[in-house]
Structures are given as C-alpha cells and as structure tokens.
Amino acid sequence: MSNSGLSAGDAQLMNAVAEAEAESARHGQDLTPGQWAKKNLFDGVLNSIFTLVFGSIALVTIWFGARWFIDSDWEIVRANLRLFMVGQFPRDDLFRLWVSGYIVVFMGGFVAGAMAHNAQDLADMQGVEYERATWGSLLRRFWTIIAIIIFFVSFARTALPYIGVAGGMVLAVGSRELGWRAPAAVRARSVYIGAALFIISMMVLAGTSRLGGFALGAVALAWVASETGKRDLPGGGAGMVQRWAPAILVAVVVFVVTVLLPYDGYGWEDWGGLHITLFTTVFGIGMGMPIGILLALGRRSDLPVLKTASVIFIEFIRGVPLISLLLFSNLMLPLFLPGDRPADLTLAVIVITGFSAAYIAEIVRGGLQAVPKGQTEAAQASGMSAGAVQRLIVLPQALRAVIPAMVGQFISLFKDTSLLSIIGILEFLRVSDVANAQPDFVGKGLAPVTYVFVALGYAAFAYTLSKESRRLETRLGVGVR
Amino acid sequence: MNDIIVNADATEVGGTGNVMIDVTNVDKYFGDFQALHGINMKVGEQEVVVVIGPSGSGKSTLIRCINRLERHDRGSIVVDGVELSDDIRNIQEIRRETGMVFQSFNLFPHLSVLENITLAPRNVRNVPKAEAEATAMELLERVKIPDQARKFPGQLSGGQQQRVAIARSLAMKPKVLLFDEPTSALDPEMIKEVLDTMKDLANEGMTMICVTHEMGFAREVADRVVFMADGEIVEVGTPEHFFTNPQEERTQLFLSQIL
Ligand SMILES: Nc1ncnc2c1ncn2[C@@H]1O[C@H](COP(=O)(O)OP(=O)(O)OP(=O)(O)O)[C@@H](O)[C@H]1O
Ligand SMILES: [Mg+2]
C-alpha cells in the first residue's frame with residue numbers, strides 16, 4: 001500500500017489535525033490583537049454582551065480577590081508551613097523526608113523519560129508521527145504543580161526549603177533526561193525500577209520492615225518472572241519451574257536482606273500534612289489497582305464462591321459512605337485484627353485501599369465488558385487457555401480503555417482523603433483547623449486564609465491530573481487502536 | 001472427483017478420502033430455539049467445502065460447533081480422530097488443529113501484526129520466539145504483506161487485516177481452516193485479494209470449510225457445496241450441480257436471489 005498503509009480514518013484524522021493547526025496559525029499570526037478581539041469577543045451583539053457581562057464579573061472577582069490576598073495576614077501560613085507540608089514529622093529527621101522525596105522525584109522523572117522514549121521508538125517503528133515533548137510543552141503541562149510548589153515555598157522563613165525545592169526541580173529535569181537516554185534494555189524495565197525505587201523511598205522514611213521486604217520481594221518476583229518468561233521455556237511443569245523458581249529465589253533473598261538490614265525509621269504515627277494526603281492517595285490507588293482487577297475478574301468468574309464474595313465486597317463498600325468506613329476502621333477493625341492496636345493511619349490505609357479497590361473493580365469491569373466477544377473467540381479458537389485469554393487479550397485491552405476513568409478515581413480519592421481528618425489524622429485539610437486553634441491565631445478569624453491556601457493546593461494537583469487524563473484520552477484514542 | 005453428488009446427508013468424502021471432520025446427527029439449541037437439526041456431514045482431508053444458505057440458516061452455528069465456540073446438544077463431532085467432549089483439554093486439542101477466520105477479522109488491536117501471528121504458537125505450542133517470528137514472516141510473505149509486520153491492525157486496510165487473520169490462523173499449522181464469511185465485511189476492491197489468498201491455500205491442499213456467498217470462488221475451488229436452510233442441510237453437490245441443476249425448491253429460490 002502506498003502512504004505507509006494508513007487507513008482512511010487515520011488520514012482523515014491527520015487532515016483534521018493539520019487543519020486545526022493551520023486554523024490556529026491563522027488566528028495566532030495573521031490577526032492583530034484588535035482583529036482577534038473583534039473576531040472572538042465582539043462578533044455580533046449577543047457575543048459582545050456576553051463578553052461585557054462575564055468580563056466585568058471576572059474583573060471584579062480578580063480585583064477583590066487580589067485585594068483580599070494582599071490585605072490578608074498570611075502569618076498563620078508562614079508559622080505553620082511545615083505543619084501543612086509534613087505534619088509533625090520530627091525536625092531532626094526531616095532529611096529523611098527530603099531523601100525520600102528526591103527518590104520519588106527521580107523515579108517519576110526517570111520513568112516518564114523512559115516511557116516517552118519507548119513511545120517514540122514504537123511510533124518510529126510503525127512509521128507514524130510522534131509528538132515529542134519539549135521543555136516548553138512539559139512546562140505547559142505541569143505549570144500548575146510548579147506554580148503551587150513555588151507558592152508554597154514562598155511562605156518559607158529559612159533558605160533550606162528554597163534550596164531543597166530548586167534541587168528537586170533540577171533533579172526532575174535531569175532524571176527525565178537520564179530516563180530518555182537510558183539504553184533500550186533499561187527503558188523496557190523502567191516500571192520495575194520505578195516500583196522498587198518507590199518502595200525504597202518509603203523505607204527511607206519508615207525504616208526496613210517485613211512489610212517493606214514483602215513489597216520489594218513482590219517487585220523482584222514480578223521482575224524476574226518477566227525476565228525468565230522472555231526465554232523460550234518448555235511447556236508444562238518444567239517450564240513453570242524454570243520460570244518461577246529463579247523468581248521465587250530472588251524474591252526470598254530480597255525479602256531476607258531487606259528485613260535483616262538494620263535501619264530504623266519512623267513509624268507513620270508522625271506523618272501528616274500534604275505528605276500524608278499524597279501518600280494515602282498514591283498508596284490507595286497503587287494497592288487498590290491489583291486488588292480491584294482481581295475483584296473485577298472474580299465478579300465475572302464462573303466459580304460461585306469467588307463471584308459471590310467479590311460481589312458482596314464490591315457492593316458493600318460502594319453502598320456505604322467512606323466516612324462510615326473510616327469510623328468503622330477506627331472503632332471496630334482493631335477488634336478483628338490480631339496483636340496490638342495498629343496505628344490510626346494503618347487502619348485508615350487499609351480502608352482507603354479497600355475502598356478504591358471496590359471502585360476500581362467496577363471501572364475495570366466496565367472495561368472488561370467493552371472488549372468485544374470476537375476477541376475472546378479469536379483467542380480461544382487458536383487453542384489458548386482461558387487464563388491466557390484473559391491475561392494476554394482481554395485485560396490489556398480493558399485496562400487501556402479505562403485509564404481515563406482510573407485517573408478520575410485517582411482525583412476523587414485525592415480529595416476524599418480529607419475525610420481522614422474525621423478520625424483524627426492530621427492530613428492537609430485538618431492542619432488548617434489545628435493552626436487556627438493555636439494560641440497565636442485562635443479567634444482571629446484566619447480560617448479563610450488557611451482554607452484558601454489548602455484549596456489552592458488541592459485544586460492545583462487535581463487540575464494537572466485531570467489535564468493529564470484528557471491528554472491520555474486523546475493519546476489512546478489516536479495512538480493506540 | 002465424483003461428478004455429481006446429490007446427497008442430503010453430505011456424508012460422501014472428497015479430498016484424499018481420509019475423513020478429517022465427521023459431524024453426526026448434530027442438534028443445537030439456543031434456549032428453546034433449535035438452530036441445527038440433525039446435521040450429518042463429513043469433510044475429507046484436503047477437501048474444500050463451501051456452505052451457503054440464507055441468513056439465520058445456521059451456517060455460522062455449524063462451523064462454530066466444530067471448534068466448540070458453541071456447544072452442540074446432541075450427536076457427535078469428530079475432528080481428525082478426536083471426538084469433541086466437555087473436557088477442556090480435549091477441546092483445546094481440537095482448537096489447536098483448527099484455525100478460524102472471522103467475518104470481522106478479530107485481530108488483537110493492542111498487538112502488532114507480528115505479535116498477533118506469533119502469540120498463539122508461542123503461548124500454546126511453546127515455539128521459541130525467533131522461530132515463531134521467522135514462521136510469521138514466511139506467512140506474511142505468503143499473504144503478500146511482509147512490509148506490514150510492525151504495524152498495528154488499526155493501521156491496515158480491511159483486506160490486509162483479513163489476510164493477517166488468515167496468516168494468524170495458519171501460524172498454528174492447523175489441519176483444518178474454518179472461514180465464516182471472510183469477505184462479507186470488505187469493500188469490493190479488497191474481496192479479491194482475500195479470495196486469492198484462500199484459493200492459494202486450497203491449491204496447496206488445505207482442508208477448508210468456507211461459509212461464503214462468493215459463488216465465483218465456490219465454482220473455482222470448492223469440491224462440494226452444502227446448502228443449508230432453517231438449520232438443516234437441504235442439498236449437497238458439486239458447484240456445477242448448483243449452477244446447472246439445483247434440485248430443491250428452496251435451493252433454487254436462494255440461488256435466484258444471490259446469482
Ligand atoms: N448466541 C445465540 N443466541 C440465540 N440465538 C442465536 C445465537 N446465535 C445464533 N442464534 C440463532 O440461530 C440461528 C442461526 O444463526 P447463525 O448465525 O448460525 O446463522 P447464519 O446462517 O450464520 O446466518 P448469517 O448468514 O446471517 O450469518 C439464527 O436464527 C440466530 O438468530
Ligand atoms: Mg453467520
């Protein structure tokens with residue numbers, strides 16, 4: 001086929017894109033500001049009225065907003081910045097938080113760079129266009145996060161946060177570049193590297209523990225099994241042994257080494273602020289995802305016990321407000337758990353994980369149902385086992401289809417974590433109340449100041465997430481069919 | 001080959017004379033609705049059987065029973081000496097030996113063309129990756145689109161997709177190929193390239209059952225044509241027989257509509 005075999009739909013789409021670009025070029029370049037305003041703002045009577053009315057509303061809002069901003073006493077935020085960011089994390093151990101944060105930033109940058117390069121390679125291989133990110137485009141994508149971080153830091157009274165944040169931004173840029181330049185073999189494994197780094201960053205804070213060893217062992221297990229799975233293995237039991245024996249061996253070694261390493265951290269009783277908000281969100285989604293996928297598969301399973309258990313779990317969790325689940329976690333869950341009463345945050349994280357798992361399960365179920373029956377039939381017809389059909393054909397397509405919905409769930413969980421305040425956890429929103437109860441500030445009516453500060457924080461992260469999700473949507477619609 | 005076979009049971013065997021598929025007294029119900037009524041059909045090794053019939057006559061259901069995409073309710077189906085039972089290993093053994101090509105291609109959109117073709121051999125037969133890819137490239141040569149190996153299905157034309165689907169089913173080195181209206185979803189200009197591929201296969205001695213209304217194809221390569229209506233086999237014969245001398249009224253009516 002000529003034209004590298006693009007189908008008619010693709011050609012149309014590319015034409016549409018080219019036209020839109022040309023259109024925006026016409027707008028941007030050929031019109032003087034006056035012409036542009038006439039064309040877009042005062043094009044007809046109705047449009048002119050809209051422009052005047054909404055323009056005035058906007059101007060008045062900005063005017064009063066700015067005056068309020070300038071006139072307000074922001075001392076309460078300055079005095080409590082650390083409390084807002086990291087809660088009551090001990091001052092002497094703050095370096096752990098920085099190290100941990102830097103590892104996370106490095107991981108994010110590295111994985112993003114590697115993935116972007118992988119996507120570019122794939123596009124090249126198929127001979128399609130790939131829009132490579134530039135520093136400018138990355139700035140446009142993440143400017144809200146960058147702005148909010150700068151806004152936060154501007155309340156700092158010492159130099160350290162400035163230096164630390166500047167260092168973090170340099171690290172983000174550098175690690176993305178490093179990820180982009182990494183050899184293809186490393187890039188292909190960036191997900192495992194990222195997962196391991198994330199767990200290590202947690203252990204920098206919390207110290208080595210069985211839980212950490214278990215998590216790191218699980219990553220090692222998945223990684224090694226994927227490596228051995230790439231070799232040509234014999235069928236049946238021998239193949240299973242050759243695939244899983246090395247993986248299990250490495251996982252056990254990783255677990256034992258991690259547990260034996262003498263490194264103490266802080267339990268998360270002391271965690272708080274924005275840190276805990278971000279952590280519970282990421283953890284809730286990260287752990288909720290695999291559990292949710294299993295629940296979704298369970299719900300579709302033919303085994304009645306599995307099916308019923310999945311349905312009951314999903315419907316119960318979804319039928320009950322998160323607040324009541326959190327109260328339940330605080331008051332009743334300890335009665336069911338063996339040993340001493342766990343930390344409040346442990347209980348809350350269990351609930352948050354279960355909660356997001358139930359919602360993710362329903363999202364995934366929607367994705368599974370959207371995979372056409374013909375896909376399963378084609379795979380079955382070639383003799384693949386039911387498990388292989390789910391794993392290799394149905395799940396990958398279903399998960400790809402629900403990524404945008406998953407990001408939506410991510411955003412709502414991010415906001416829902418503010419409910420942790422109900423059970424006395426010092427998350428981002430609750431810091432506001434604590435600050436307003438301090439002797440220096442109590443009764444001064446400063447709640448609006450702290451609430452605006454907190455709201456801006458939530459909005460900046462949520463906005464970037466939802467923008468990224470829309471970007472993914474178009475990406476997936478166009479790039480991957 | 002016999003000149004004319006008029007045999008409502010379709011149990012004469014063409015090809016080399018060895019029976020490849022043996023369908024005996026098969027009934028199939030969807031709830032209360034009986035989709036197949038006492039079907040008897042044998043297909044010989046290297047034989048090409050074309051199945052025609054009006055919409056809803058049970059053509060798809062019949063060939064989907066042969067690889068157990070549908071479960072038949074009565075009677076027996078034997079493929080290459082293995083009788084279909086409810087045992088999943090038994091079903092998979094038969095599925096490994098029978099390839100199927102669908103009207104809507106059903107390529108895996110998240111996998112490249114090459115991966116579509118190598119997936120089953122690697123996963124089911126444990127063929128080493130390099131070997132599976134070499135075979136896949138040979139098959140793509142055979143269906144005349146080796147340059148599309150790295151593309152994704154969505155980037156191909158319908159005709160190219162269907163040829164990939166044929167290559168995919170050939171990758172398992174099946175003994176039988178089942179085609180369910182492989183050209184019905186294609187634009188006219190792409191039908192020929194797919195039919196040509198199927199003709200090549202027939203000439204190479206592949207055993208095939210094709211549900212298709214391409215009578216030109218039937219005339220050229222079919223050893224036998226089976227006409228179905230209302231879940232029954234109504235008439236069986238050579239393509240010549242159907243063109244010149246169809247016996248049953250329902251056959252004549254149907255042919256007058258499609259020819
Ligand atoms: N999954 C199903 N559930 C219920 N009824 C079905 C199902 N599949 C097929 N049928 C019915 O069985 C009959 C035969 O269907 P089948 O698809 O085999 O016909 P066909 O000859 O292939 O028709 P077409 O030419 O339209 O493809 C039809 O009446 C159809 O409605
Ligand atoms: Mg049909």
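So that the names make sense, note that chain A is the first sequence line, chain B the second, and so on, each numbered from 1. Note that these values count all heavy atoms, side chains included, but never hydrogens, waters or copies made by symmetry.
Of the atoms belonging to B:R68, not a single heavy atom falls under 4.5 Å from chain A.
More than 12 non-hydrogen atoms from other residues, nucleotides or ligands lie less than 6.0 angstrom from CZ of A:R471. Within a 6.0 Å sphere centred on NZ of B:K199, other residues, nucleotides and ligands contribute more than 12 heavy atoms. Counting heavy atoms of neighbouring residues, nucleotides and ligands inside a 6.0 Å radius, atom CD of A:E131 does not exceed 12 of them. Counting non-hydrogen atoms of neighbouring residues, nucleotides and ligands closer than 6.0 angstrom, the NZ atom of A:K467 exceeds 12 such neighbours. More than 12 heavy atoms of other residues, nucleotides or ligands lie within 6.0 Å of NZ in A:K230, so this atom counts as buried by the packing criterion.
Your options are B:I94, B:L119, B:V127, and the one with the most heavy-atom pairs under 4.5 Å with chain A is B:L119. The candidate with the highest count of non-hydrogen atom pairs below 4.5 Å against chain A, out of B:V101, B:L107, B:L178, is B:L107. In terms of heavy-atom pairs under 4.5 angstrom with chain A, the leader among B:M100, B:Q92, B:R122, B:E97 is B:Q92.
In plain terms, the two heavy atoms of A:A378 and B:F102 that are nearest each other are CA-CE1, 3.7 Å.
Between A:E377 and B:R64, the closest side-chain pair of non-hydrogen atoms falls below 4.5 Å.
Contacts from residues 379-393 of chain A to chain B, taken as heavy-atom pairs separated by less than 4.5 Å, involve A:A379, A:Q380, A:A381, A:S382, A:G383, A:M384, A:S385, A:A386, A:A388, A:R391, A:L392, A:I393 in sequence order. Taking 4.5 Å as the heavy-atom cut-off, none of the residues of residues 76-90 of chain B approach chain A.
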